[in-house]
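Data block below; observations after.
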Amino acid sequence: MTTYRSVNPARLDDVVAEVQLADAAGFIAACRSARAAQRGWAAVPAPVRGQVIGNLGRLVRANFETLAHLVTREIGKPISEARGEVQEIVDTCDFFLGEGRRLYGQTVPSEMPDKQLFTFRVPVGVAAIITAGNFPVAVPSWYIVPALLCGNAVVWKPAEYASASAAALAALVRRSGVPDGVFDVVDADGAATYEGLSGALDAGLVDKVGFTGSSAVGARIGELTGRHLQTPCLELGGKNPMVVTPDADLSLAVEGALFGGFGTAGQRCTSLGTAIVHESVYESFVDSLGKALSDAVIGDPMRDDVLYGPLLADRFAERYEDYLGWIGSHHRVLGSGGRTGRITADNPRAGFAGDPAAGLFYHPVLVAGVRPDDQLFRTETFGPIVGVMPYRELDEAIELANAPGYGLSSSIYTNDPRSAFAFRAGVSAGMVSVNNSTSGAEAHLPFGGNGRSGNGSRQSGVWVLDQFTRWQSLNWDYSGRLQKAQMDTQTVTPDLDFRL
């Protein structure tokens with residue numbers, strides 16, 4: 001087995017955890033154990049399973065600060081955002097605690113006498129959950145909590161660079177009352193996970209796959225599950241647009257762009273990709289956002305006042321360097337005195353909080369003058385870089401918002417209800433915000449995207465129940481004779497030729 005070292009990206013000499021990575025056989029073995037335990041868990045009444053979810057929420061609340069600090073230490077997310085992430089787990093548990101008593105079916109009237117029709121929600125079976133590490137505990141809870149509530153067994157493969165946070169969340173899940181074998185964590189790299197998932201599907205051990213990550217990997221998982229006639233729950237990347245109309249509150253729009261584009265160092269699937277700003281306020285917006293970005297505090301993520309800390313890990317830093325190569329001669333760069341790249345003594349950032357040499361800290365980049373044919377416009381850029389482009393008519397702005405082909409989150413800043421509703425109707429995103437940033441979710445609202453951002457599946461709220469249950473119908477005939485549907489039904493004779 002290979003040993004993986006999870007390192008604090010704000011202090012690269014701080015090893016947060018060392019984990020043994022499993023191979024494909026280890027992943028398959030976990031799925032086989034889950035299969036053996038699942039039926040017993042499904043037999044536990046749903047309200048009791050809801051109590052287990054409630055226990056998890058109480059345990060997370062009791063370990064709130066410890067878990068938040070671990071998240072910040074392991075992935076470099078500012079402590080204020082880490083606290084928000086932990087609160088999201090609590091909110092999710094609070095919501096699904098009640099859903100244990102509301103896994104409703106229906107009693108349906110039959111077209112025949114002495115016959116009753118019913119519908120039931122039944123668990124899918126074993127759910128294999130694969131998550132990214134930018135939200136190392138909140139996003140996994142969006143899968144794990146409803147999957148367990150619905151009576152499924154769960155095998156969770158977290159991101160290697162967030163293994164300590166995953167282990168902490170797993171410890172809380174196991175102590176909430178979940179029986180042995182019903183929930184397991186497998187640390188593995190991407191290749192072993194894909195091979196193991198393929199083998200588990202071939203062996204009939206997995207009934208549902210949930211994946212949060214890149215669009216490219218999501219497409220491969222969709223192909224793999226499609227061979228087994230399964231539909232995965234895919235939450236993928238985004239190139240999220242924000243439209244600013246002439247009547248918008250410009251200061252509010254700048255604040256939303258600052259948080260949406262640069263919070264978590266731009267490493268959210270819902271991060272702002274391109275601000276599409278009306279030409280009448282374009283220059284004012286660019287200048288204001290550029291100044292706000294220059295004034296923002298960047299650095300030590302344990303400080304409450306930082307906008308963002310380091311990039312998540314080496315692989316993301318290397319990829320971000322590639323994105324910077326997409327900046328062209330027709331662009332204007334703002335946000336850090338025109339500087340780009342890693343923050344160092346030779347490439348400093350004014351007002352940096354802490355020691356930039358200790359971690360993977362990068363300059364924020366605001367790129368004005370983005371064009372529709374730019375790679376920077378068409379492709380998700382996972383890092384602290386945001387493009388800005390002008391528009392003339394709202395229809396043009398909506399067309400630009402949809403052009404990259406993603407469809408996760410979107411935003412419009414306007415004080416005109418007609419513009420807000422026209423944007424909602426025209427944009428392809430699964431989530432729309434009015435006078436709010438592209439980032440942000442609530443535990444009782446559907447979360448998910450379309451196009452390159454996902455396959456239409458949704459997480460959170462009651463909508464996620466359709467990912468982890470299947471509808472089963474029951475017809476019960478107590479007439480004592482065979483009644484044939486559509487053939488033995490009672491008929492009525494109307495007089496359709498009657499006229500007043």
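All heavy atoms count here, side chains included; hydrogens, waters and symmetry mates do not.
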Exercise. Kindly indicate whether the side chain of Arg332, heavy atoms from C-beta on, has any atom under 4.5 Å from the side chain of Val286.
Key: yes

In short, Cys269 meets Phe382 closest at the heavy-atom pair N-CE1, 4.4 Å

Pi-cation contact, Tyr362 with Arg339 (under 6.0 Å, within 45°): no

Scan side-chain atoms only and decide if Gln20 and Thr2 contain a donor-acceptor pair under the 3.5 Å cut-off. no

**OP:** May I ask you to decide if Ala353's main-chain N or O and Asp300's side chain share a donor-acceptor pair within less than 3.5 Å?
**Re:** no

Under 3.5 Å, sequence neighbours excluded: what are the donor-acceptor pairs made by side chains of residues 384-401?
from	atom 1	to	atom 2	distance (Å)
Tyr391	OH	Val244	O	3.3
Arg392	NE	Glu279	OE1	3.3
Glu396	OE1	Arg392	N	2.8

In short, Val297 meets Asp305 closest at the heavy-atom pair CB-O, 3.6 Å

Determine the interplanar angle of the Tyr323 and Tyr320 rings, folded into 0 to 90°, and report it as parallel if under 30°, tilted if 30 to 60°, perpendicular if over 60°.
perpendicular

Side chains of residues 133-146: which donor-acceptor partners sit under 3.5 Å, not counting sequence neighbours?
from	atom 1	to	atom 2	distance (Å)
Asn134	ND2	Gln267	O	2.9
Ser141	OG	Ala138	O	2.5
Trp142	NE1	Glu88	OE2	3.1
Tyr143	OH	Phe211	O	3.1
Tyr143	OH	Thr212	OG1	2.8
Tyr143	OH	Gln459	NE2	3.1

Does the Ser439 side chain pair with the main chain of Thr270, one donor and one acceptor, at a distance under 3.5 Å?
-> yes

Is any NZ, NE, NH1 or NH2 atom of the basic residue among Arg11 and Glu74 found under 4.0 Å from an Asp or Glu carboxylate oxygen of the other? no

Open item on the list: Can a side-chain donor-acceptor contact be found between Thr414 and Asp247 if the only test is distance below 3.5 angstrom?
Closed with: yes

Would you mind writing out the side-chain donor-acceptor pairs for residues 184-198 within the sub-3.5 Å range, not counting sequence neighbours?
from	atom 1	to	atom 2	distance (Å)
Asp189	OD1	Ala191	N	3.4
Asp189	OD1	Ala192	N	2.9
Thr193	OG1	Asp189	O	2.7

